[in-house]
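Just so it is clear, the model here is predicted, and its values are computed rather than measured.
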Amino acid sequence: TVRQTNIANLIYLLSFSGMEFTLAFLVRQRLDFGTTETATMFVVIGILLAVVQGGLTRRLAQTWGPQKTAVRGMVLVIVGLCGIAMTHENWQLWTSLIPLSVGAAMAMPMLSTIVSTSVSAEEQGAAMGVFRSLGSLSRAIGPFIAAIMYWKLGPSAPYFAAALLLLLPLWLLSGGLARKDRIS
């Protein structure tokens with residue numbers, strides 16, 4: 001479980017950090033956002049993340065469990081990424097940012113919850129250290145890859161690629177490897 005969740009975290013943050021980095025380029029290029037509009041967009045994203053993470057995610061995890069909450073959150077992130085990739089008008093952007101932000105607020109805390117509750121108290125420090133290190137690696141590599149895709153393949157490329165890449169963590173969190181191990 002820890003290994004699968006660590007891989008899911010690595011891929012999730014690779015995709016998400018690429019989106020974070022290139023989103024300012026996209027809104028400038030496609031929607032002619034200036035500094036104020038771009039800052040407002042990121043503030044709204046932050047507020048949505050805080051409200052959902054602070055008020056809704058814990059309740060959803062109690063109802064669905066951390067794994068299902070993370071999976072459903074990633075599905076929302078995929079919807080948001082695809083919407084951003086197709087954005088050419090303000091309303092499309094704002095409509096896409098809602099599932100993206102809500103999904104991110106559901107997925108990320110649940111990934112760390114899964115890791116921390118899957119090991120003993122004595123192993124939590126090491127397990128969370130690996131988890132956070134993989135996240136840092138993703139945040140270093142993701143923007144670089146996304147920027148290359150953005151400028152070489154077009155503005156939609158990193159978002160569609162990230163959405164496609166997130167299918168792997170969905171599979172891992174849904175028990176893909178565990179199911180395969182049971183069959184063998």
Of the non-hydrogen atoms in [X] and [Y], which two are nearest, and what is the gap between them?
X    : Y    : answer
G142 : S17  : CA-OG, 3.6 Å
Q53  : P109 : NE2-CG, 3.1 Å
G18  : A146 : CA-CB, 3.4 Å
A70  : L173 : CB-CD1, 4.1 Å
C82  : A163 : SG-CB, 3.7 Å
L165 : S15  : CD2-OG, 3.6 Å

Self-check item: salt_bridge(E20, R139) N-O dist < 4.0 Å
Solution: yes

Nearest 0.5 Å please: distance from the [atom1] atom of [X] over to the [atom2] atom of [Y].
X   : Y    : atom1 : atom2 : value
L23 : R28  : CG    : CZ    : 14.0 Å
N9  : L172 : CG    : CG    : 11.5 Å
E37 : N90  : CD    : CG    : 8.5 Å
L49 : S101 : CG    : OG    : 5.0 Å
T87 : L97  : OG1   : CG    : 7.5 Å
L81 : M74  : CG    : CE    : 11.5 Å

Quiz item: Going by heavy atoms in the side chains, are M106 and L56 under 4.5 Å from each other?
Solution: no

Self-check item: Non-hydrogen side-chain atoms of F16 and L166 separated by less than 4.5 Å
Solution: no

Verify the cluster assignment for [X] and [Y]: are they in a single hydrophobic cluster under the rule of side-chain heavy atoms below 4.5 Å apart?
X    : Y    : value
M110 : V115 : no
I98  : L31  : yes
F42  : V27  : yes
F160 : L164 : no
M86  : I78  : no

Quiz item: Taking the side chain from Q29 and the backbone from L26, do they hold a donor-acceptor pair closer than 3.5 Å?
Solution: no

Self-check item: T5 side chain vs L111 backbone, donor-acceptor pair below 3.5 Å
Solution: no

Self-check item: T63 and R58: side chain donor to acceptor below 3.5 Å
Solution: no

Quiz item: Which is it for M19 and L100 under the side chain to side chain contact (heavy atoms under 4.5 Å, CB included) test, yes or no, and what are the steps along the way?
Solution: CA-CA 10 Å; M19 176 280 305; L100 178 92; 3.6 Å; yes

Practice problem: Check the pair V77 / Y12 against side chain to side chain contact (heavy atoms under 4.5 Å, CB included), numbers first and verdict last. | Solution: CA-CA 10 Å; V77 171; Y12 172 77; 4.1 Å; yes

Quiz item: Quick one: which of L170, L168, L167 gives a side-chain contact (heavy atoms from CB on, under 4.5 Å) with I11?
Solution: L168

Quiz item: Tell me the side chain to side chain donor-acceptor pair (under 3.5 Å) pairs involving residues 158-168, sequence neighbours left out?
Solution: T22-Y159

Practice problem: Among residues two or more places apart or on two chains, list those pairs meeting side chain to side chain donor-acceptor pair (under 3.5 Å) that have a residue in residues 102-131. | Solution: S120-E122, S120-E123

Quiz item: Looking at residues at least two apart in the chain, or sitting in another chain, which of them share a ring pair (Phe, Tyr, Trp, His ring centres under 6.0 Å) with W151?
Solution: F25

Exercise. Please report the C-alpha distance between I114 and Q4 in whole Å, then the side-chain angles of each, then the deciding distance to 0.1 Å, and finally whether the side chain to side chain contact (heavy atoms under 4.5 Å, CB included) criterion is met.
Key: CA-CA 10 Å; I114 293 166; Q4 287 176 237; over 6 Å; no

Practice problem: In sequence, state the C-alpha distance, the side-chain angles, and the governing distance for T38 and M41, and then conclude on side chain to side chain contact (heavy atoms under 4.5 Å, CB included). | Solution: CA-CA 5 Å; T38 303; M41 175 190 66; 4.2 Å; yes

Exercise. Taking atom CZ of F144 as the centre, report whether more than 12 heavy atoms of other residues, nucleotides or ligands fall under 6.0 Å from it.
Key: no

Quiz item: For S156 and R30, what are the C-alpha separation, side-chain angles and deciding distance, and is it a side-chain hydrogen bond (donor to acceptor under 3.5 Å, both in side chains)?
Solution: CA-CA 11 Å; S156 296; R30 287 194 179 165; 2.7 Å; yes

